[in-house]
Structure formats: C-alpha cells, structure tokens
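Keep in mind that this is a model prediction, so the values were computed, not measured. Numbers restart at 1 for each chain; the letters A, B, ... are given by sequence-line order, proteins then strands.
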Amino acid sequence: MSLEALLLDKLNDRQREAVTHHGTPLLIVAGAGSGKTRVITHRIAWLHLGVGIPIRQILAVTFTNKAAREMRERVCALLGVPDDPALAISTFHSRCAMLLRREAEAAGISPSFAILDERDQKAAVVRAMENAGVSDRTAKPAQVQHFINMAKMRMLTPTDCDEEFADERVPYALLYRHYEELLEKNASLDFEDLIFRAVRLLRDNGEVRERWQRRFRHLLVDEFQDTNAGQFELVKLLAGDDPDVCVVGDEDQSIYSWRGAEVTNLLGFRETFPNAHLVRLEQNYRSVGNVLKAAGSVIARNTMRIGKELWTEQPEGDPIGALVGFDDTEEANLVAMRLAAMIASDGIAPADIAVFYRSHALARVLEDGLRKYRIPYRIVGGTRFYDRAEIKDLICFLRLALMPDNDLAFERVVNVPTRGVGPKALGDILSRGAGERISAFEAATRLAAEGAFKGKARQGMEDFLAAVRRWHAMAAHATVHEVLKAILEDTRYETEGVGDAKSLDGQSRLENIEEFKQAVAEFEKLEDDNRVGTFLETLALDAQRPDEGDRQTVSLMTVHNAKGLEFDHVFVVGLDQGVFPNSRTFDEPAQFEEERRLFYVALTRARRTLTLCRAMRRRREGFYDATVPSQFLSELDASVLTAEARRALCPDDKRRERDPRGFERQGFRAFGSAYGRASAPPPSRPTGGRGALNVGDRVRHRTLGEGVVVESGGRPGSERVRVAFDDGIEQEFVVKFAGLTKMEK
DNA sequence: AAATCCGGTATTTTT
DNA sequence: TACCGGATTT
C-alpha cells in the first residue's frame with residue numbers, strides 16, 4: 001500500500017490539505033466532530049514519512065496527559081512502531097518541566113525542584129500571607145492564589161505588579177513577592193512557573209533559545225483556544241523566525257477562559273503569523289443531523305466567533321427529547337427510568353450513554369436516582385485521588401525523603417501520625433529556622449541536639465529526624481516502593497496514621513493507601529527510572545485518577561469533563577435558568593457567551609440521541625426554588641425537538657409562534673441581566689425574619705462590625721446582600737444565615 | 001489531642 | 001442543606 005493511501009485515504013479535501021500543508025504556519029479551525037484527532041495524527045505521520053522530517057524534530061502539545069497518551073498511541077500505530085521514545089507528544093507543562101530540568105543551571109533554579117500542585121500552592125499562599133503579615137480577612141487565600149496564577153500566566157513578575165496593582169485594596173504585589181521567596185527557599189515551582197520560567201529562559205538566553213529552536217523544527221498545538229498568554233509566548237519563542245507551527249482549535253469550544261485561556265490566541269493567530277494558512281474543517285462525522293442542527297442554532301447567537309457552519313452527510317436521526325421533572329428528585333428518576341428502558345429494552349450498552357451536568361452539586365440527586373433503578377454508573381472527575389489527605393501525607397513523606405529541607409513538606413507531616421509535636425514545638429522550630437535562615441529540618445535537628453524538646457515530643461522528634469535521614473539516604477539509590485515501604489514501617493502510618501481502622505473513614509483510607517502502592521507499582525513497571533524524584537514529578541504533572549478501565553457503566557460528568565469525548569446517547573440535566581447557564585455569568589456578556597459555548601460542547605458530544613432535562617423546582621442551597629427553563633432551550637431551533645419536548649421545555653411556545661419577538665422580549669426581561677443591568681428586574685427584596693434589608697441600610701454583624709448594604713439580590717428564600725463594612729472590607733451574605741442586625745439610621 | 005461546635009460559603013478544573 | 005475549616009471545649 002502506498003504512503004498516500006495509508007495516510008490520506010478516507011480523508012476529505014480539507015483534511016488532506018490540513019495534513020499535507022507545510023512551509024508556512026498553519027491554522028486549523030476544527031469544528032466539533034470534524035475528525036481533528038485524525039488530522040493531527042496523520043499530519044505528524046505525514047511530516048515524518050512523507051516529508052522526511054526526523055521524528056525527534058516534531059513537537060506536539062496537547063491539553064491533557066490523557067490526550068497525549070492517546071495521540072502517541074495513534075501516531076505509533078500509523079508509523080508502524082510499538083513506541084518511539086523520540087516522539088515528543090506531551091502537555092506544555094511536562095515539556096517545560098523537562099526543559100527546565102535539563103537547563104536548570106541556565107535558568108538559575110535548583111536542578112531537583114519540587115512541583116507544587118494546586119493544594120500545595122494554596123498552603124504556600126497561606127504561609128506567604130502569614131509571612132507578609134496580611135490577615136486572611138484582608139483577602140482570601142484563594143483570591144491571592146488566583147491573582148498570582150493570573151499574573152504568571154500573563155508573564156508578570158512581582159515587580160511588574162508593583163505599579164499595575166498598587167491601588168488594590170489587597171497588597172497583591174507584596175504577597176506575590178513573599179510567595180516567590182517562599183517557593184525559592186523550598187526549591188519549588190508551581191504549575192505556572194513551569195511555563196513562565198521556560199519563557200523567561202528562552203527569552204533571555206539566546207544560546208539556549210537557538211538550541212531548542214533547532215531541536216524542535218515543527219510545532220503542533222492542539223486545543224489552541226485553551227492556551228494562555230504564557231503558553232502562546234512559549235510557542236512563539238520555540239518557533240523562532242522561520243516557524244513551522246501548526247495550531248488546531250475551535251473558538252466555539254473555548255470553555256476555560258476563567259482560568260486564563262485566551263481565545264484571542266486563536267482568533268488573532270494570523271496577526272501574529274501573517275502568512276499563516278487557514279483550513280476550516282466543517283464537515284462533522286460524529287453527530288446525526290438533528291443534534292448538529294440543535295447545536296448550530298444555539299452557538300449562532302454568539303458574537304465572538306470566527307464563524308463556521310458545521311454540516312453532515314448523516315441522516316437526521318431522532319428529534320431531541322426532553323424530560324421535565326416536578327422537582328430535581330423526579331428529574332433524576334425520569335432519567336434513571338429512561339436509562340433503564342434503554343439498557344433493558346433497546347439493548348443499549350451503558351458505556352454508550354453519558355449524563356452531563358453543569359456542576360458537581362447536581363450529581364448527588366442523580367446518583368440517588370440511578371442507584372434506585374440499579375443503573376451501573378461511574379462519575380468521571382470529581383474529587384481527585386491525589387487530593388486525599390492520606391495520599392498527600394505519603395507524597396510529603398516522599399518529598400521529604402528527597403529534599404529534607406523542604407519546609408512545606410516538613411510542616412505537613414512532622415506530626416503525622418501524632419508524635420507529640422504540637423503548635424508550640426512547631427513554632428519553636430519555625431522561628432529558629434527563620435532566625436538562622438535555615439530549613440525547618442535543620443532547625444529541628446539543632447533543637448533536638450540541644451535537648452530543647454520536652455515530654456512526648458523529645459522521643460518523637462528524635463525518631464522522626466532519624467527516620468528522615470534514613471529515607472533521604474535511601475532515596476538516592478532505592479526505588480520508590482522501597483522508600484515508601486520504609487516510610488510506612490517507620491511511621492507506622494497504616495496502624496497509627498489512619499485513625500480508627502474499623503470506621504468507614506479508616507477503611508477507605510487504608511484502601512487509598514493500597515491504591516497508592518498500586519500506583520507506585522504501576523509506575524515502576526512503566527518507567528525505567530524508578531527513583532523518587534521522577535515519581536513525584538510524574539505524579540504532579542499527571543494526576544489522573546488511576547483508570548477505572550472500560551467498565552460497562554453509564555458515565556456521569558460535568559460538561560467541562562466531557563470535552564473531547566463522545567457518546568451515542570447524551571443526557572443533559574439541570575437545564576434551568578441560573579443553573580445552566582450559571583447565574584454568575586449573567587453580568588458579563590463575555591462570560592455568558594462562554595456559558596453558551598459550554599452548552600454547545602455538551603450538545604456536540606452526542607452521536608445519535610440527545611435528551612434535555614430540567615425540573616420545575618430545584619433544591620438549591622437547601623431550599624426549593626421554582627425554576628425557569630434555561631434560556632438556551634428557547635434558543636434551540638424548535639424544529640429539532642419532539643412535539644412533547646417543545647411543549648415541555650418551552651411553556652410559552654404558543655406565544656413564540658405568534659410573536660417571536662414578543663417571546664424574546666419576555667426572555668429579555670426574565671433573564672435580562674445577561675445583557676446588562678439596566679434591563680434587569682429590580683432584585684427581589686430580602687424578606688427575612690427581622691425585616692427586609694435594602695441598599696443603604698446600616699447593619700451590624702456580630703464579628704465584622706458595622707457597615708452599609710451596598711447590593712441586595714438573590715432568590716426568594718435565600719436573599720443575599722453585599723455589605724461594605726466601615727473598615728473597608730466588603731462581604732456578601734446569605735441574609736438568613738448571616739445574623740445581620742438592622743440599625744436605625 | 002481529639003471531639004465538638006460554629007460560622008462561612010456555595011461554578012467549571014488541568015497542569 | 002452540606003461541607004469545610006477554624007475555634008472551642010473536653
């Protein structure tokens with residue numbers, strides 16, 4: 001078989017163009033289900049086999065590790081090799097970690113750095129705030145963390161922030177600076193650092209830059225609409241002056257702007273690379289006609305698009321169905337009943353069905369319903385395995401074994417399991433460390449030698465310090481499981497660290513530890529470098545929950561988690577105004593459009609059937625609220641719905657037919673805040689027990705003092721107010737929980 | 001040091 | 001309501 005036949009057969013003209021174009025930068029705008037993955041993998045294979053480019057010169061970047069693994073497998077299959085270590089397919093973060101590891105000296109960082117995940121980072125932020133003497137009443141750690149991450153994505157150093165954010169009520173620049181200091185002291189990098197450091201290195205060091213530009217002559221970035229400013233900068237730096245860059249993206253599937261992704265990277269790509277060639281992939285191979293029509297009719301309302309029209313040669317398929325429950329419990333039951341019927345009567349495999357929701361909170365009722373009808377299901381995403389306390393403990397022990405001077409790890413586990421080191425002893429250690437500018441481990445060693453620890457802490461500390469020294473010696477040569485075994489034995493973690501082993505919690509903790517051992521074994525089977533450092537890096541960069549395999553289950557997940565997947569039969573639940581679209585997006589048109597894209601992503605996952613679900617009243621924050629159908633439902637082209645669905649989802653359908661504009665106007669008023677405050681109805685007044693609170697009212701809070709109501713709103717039953725306190729702090733409350741006292745003016 | 005209470009909060013989340 | 005984290009009690 002010829003190469004052409006192998007790589008280009010069964011591709012349409014656009015796809016062929018995207019695979020074979022080369023010589024100038026290439027922008028592929030790929031609609032949902034347009035065979036994007038196929039194009040990318042074939043392009044890599046083509047560059048290598050067809051154009052004759054050495055495989056090690058091609059760098060492909062994906063959004064997740066899972067996507068990278070899959071792409072790697074497919075490319076290997078096309079190339080006809082079991083696996084090629086020279087294949088550079090990975091995420092931005094892994095690639096940067098690799099680059100920095102190799103160039104640590106030039107980048108001015110420790111060659112063995114720890115990578116902090118989100119939770120480690122939060123702990124570091126809390127510490128930084130303490131060090132800076134900023135109370136968490138001035139700013140929430142999460143808020144500061146977000147600021148720092150956004151600053152790094154935008155490639156701003158603390159010094160850059162000094163001026164730009166000088167007027168903020170929260171001293172962000174100062175906190176950022178303290179945070180950076182802390183990380184440096186602990187030889188740690190956070191996720192954003194990996195990108196930012198690599199950018200700075202390549203930007204500031206010509207020799208290194210040229211070396212990497214030569215190394216990767218051909219760049220390929222998938223999910224380009226989800227890249228942030230720093231990542232794009234990295235692409236530009238690696239591309240150099242004679243770029244062979246290919247980016248693939250879909251502006252209609254940009255759903256991560258809230259964490260820094262900039263669609264403008266995609267929309268403005270041809271301004272950065274003026275001679276870039278654009279290929280649009282608009283033929284959809286995934287969905288039946290009705291699904292595609294439904295999705296298209298909704299997304300057409302967005303303004304921020306390159307614009308494309310997906311089409312398909314597939315049959316129309318079934319019209320879009322609907323399920324409307326009296327309340328959320330009934331909604332879940334209806335879904336479960338329908339699933340039971342599909343599985344039992346229609347012979348549909350559970351694995352071909354997925355249920356999507358806007359937020360995890362909606363999963364619980366659904367689970368109850370599915371259990372009641374004995375539908376096998378699994379939740380994709382959710383709380384991550386490596387976030388579990390006991391797992392984090394073990395990771396910190398390992399980190400300490402690798403780098404005893406890492407204070408963040410030391411603090412976490414110095415008293416785990418409890419060995420008498422309370423707040424007092426820890427305080428002594430930390431202040432000694434700060435005073436003599438040494439690590440906590442070193443400070444504790446000195447204090448122990450001086451006999452500073454009393455009572456239970458004395459023996460406890462001595463044992464602990466000796467153990468850390470022993471693990472550290474081991475970590476240099478021993479494998480991960482050997483070190484872990486020593487840790488578990490020395491600390492008696494499994495007997496003393498998990499609490500009551502007979503309790504439900506203790507049970508699950510022990511199970512988690514077993515699973516962690518399993519993960520270690522898995523790692524050692526795959527990698528040829530079994531040392532602790534490599535293991536920890538892999539963990540930080542690829543925190544995928546150990547795969548549950550392809551069990552025969554219905555998949556439940558948030559829409560965000562569903563991106564990139566496809567199922568024969570898709571249910572979307574919780575389609576109520578305020579839930580999906582989420583009410584927090586109403587004030588910002590840009591955010592609201594992202595919400596619509598999210599809905600678009602949900603719809604375009606379906607291959608064959610789509611069922612949209614809602615409830616007439618829903619428990620939220622503990623109380624039942626009457627709901628209004630999601631605005632997105634009324635945006636659907638009504639011709640794709642079953643008659644029943646039309647009646648059920650759009651109670652105002654008659655009016656709509658008579659006077660579409662009248663309906664729009666009504667929608668405008670009811671959900672109008674999406675289009676700006678002016679048209680929004682006045683927020684309902686709180687009707688709490690002690691009289692309503694209005695803007696301008698003076699109130700007293702038990703702990704926060706006195707202030708003025710500056711905003712009021714929320715739904716009946718859970719009215720909210722925003723209060724500006726006299727000391728400058730602003731805080732939002734749910735009125736009935738807050739215990740605010742109204743004061744006479 | 002563990003058990004309990006209380007207040008505050010309430011999207012989406014990969015790397 | 002339900003969860004978490006911090007404070008307070010035992």
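- For dC3(C) and dT14(B), the C1' atoms lie 24 Å apart once the distance is rounded to whole Å.
- For R620(A) and dT1(C), a side-chain-to-base donor-acceptor distance below 3.5 Å is absent, hydrogens and geometry of angles not being considered.
- If you measure from atom CD of E588(A) to atom P of dT11(B), you get 19 Å, rounded to the nearest angstrom.
- In this structure, the side chain of N415(A) engages the main chain of V421(A) through a donor-acceptor pair within 3.5 Å.
- Spacing between dG5(C) and dT12(B) at atom C1', rounded to whole Å, works out to 23 Å.
- Rounded to whole Å, atom P of dT15(B) lies 17 Å from atom CD of Q145(A).
- A 3.5 Å limit on both hydrogen-bonding distances identifies no Watson-Crick or G-U partner for dT12(B).
- For the pair H360(A) and dA10(B), the criterion of a side-chain N or O lying under 4.0 Å from OP1 or OP2 is not met.
- Remark: aromatic rings of F232(A) and F224(A) are close, center separation under 6.0 Å.
- Side-chain nitrogen and oxygen atoms of S94(A) include none within less than 4.0 Å of the OP1 or OP2 phosphate oxygen of dT15(B).
- Side-chain contact annotation: Q253(A) with Q225(A), donor-acceptor N/O pair under 3.5 Å absent.
- Contact annotation: N65(A) reaches the phosphate of dT15(B) (side-chain N/O to OP1 or OP2, under 4.0 Å).
- Regarding contacts with the backbone of dT12(B), every side-chain N or O of N561(A) stays at 4.0 angstrom or more from both OP1 and OP2.
- One interatomic measurement links the two molecules: CD of E594(A) to P of dT13(B), which rounds to 13 Å at whole-angstrom precision.
- Note on N415(A): a side-chain N or O is less than 4.0 Å away from OP1 or OP2 of dA1(B).
- Atom P of nucleotide dT12(B) and atom CZ of R259(A) are separated by 13 Å, given to the nearest angstrom.
- Among the heavy atoms of the strands, none lies under 4.0 Å from F92(A).
- Around atom NZ of K236(A), more than 12 heavy atoms belonging to other residues, nucleotides or ligands sit under 6.0 Å away.
- Salt bridge status for R197(A) with E103(A): absent, with no side-chain N to carboxylate O gap under 4.0 Å.
- Proximity note for N582(A) (side chain, C-beta onward) versus dT15(B), dT13(B), dT11(B): the nearest is dT11(B).
- With both pairing distances under 3.5 Å, dG5(C) is matched to dC6(B) as a Watson-Crick or G-U wobble pair.
- Nucleic acid contact for R364(A): sugar-phosphate only, since backbone atoms but no base atoms lie under 4.0 Å from a heavy atom of the residue.
- For R102(A), the CZ atom is loosely surrounded, since the number of other residues' heavy atoms within 6.0 Å does not exceed 12.
- The side-chain ring of W258(A) is stacked on the base of dT12(B), judged by centre separation under 5.5 angstrom and plane angle under 30 degrees.
- For R584(A) against dT11(B), no side-chain N or O and base N or O form a donor-acceptor pair under 3.5 Å.
- One interatomic measurement links the two molecules: NZ of K563(A) to C1' of dT11(B), which rounds to 17 Å at whole-angstrom precision.
- In this structure, CZ of F599(A) is placed 21 Å from P of dT11(B), rounded to the nearest angstrom.
- Listed pair R619(A) / dA10(B) fails the phosphate criterion, with no side-chain N or O lying under 4.0 Å from OP1 or OP2.
- Between I255(A) and F191(A), the residue anchored closer to the 5' end of DNA chain B is I255(A), taking for each the nucleotide with the nearest heavy atom.
- Atom CG of L426(A) and atom P of dA1(B) are 11 Å apart (whole Å).
- Taking atom CG of D226(A) as the reference point, atom P of dT12(B) lies 17 Å away to the nearest angstrom.
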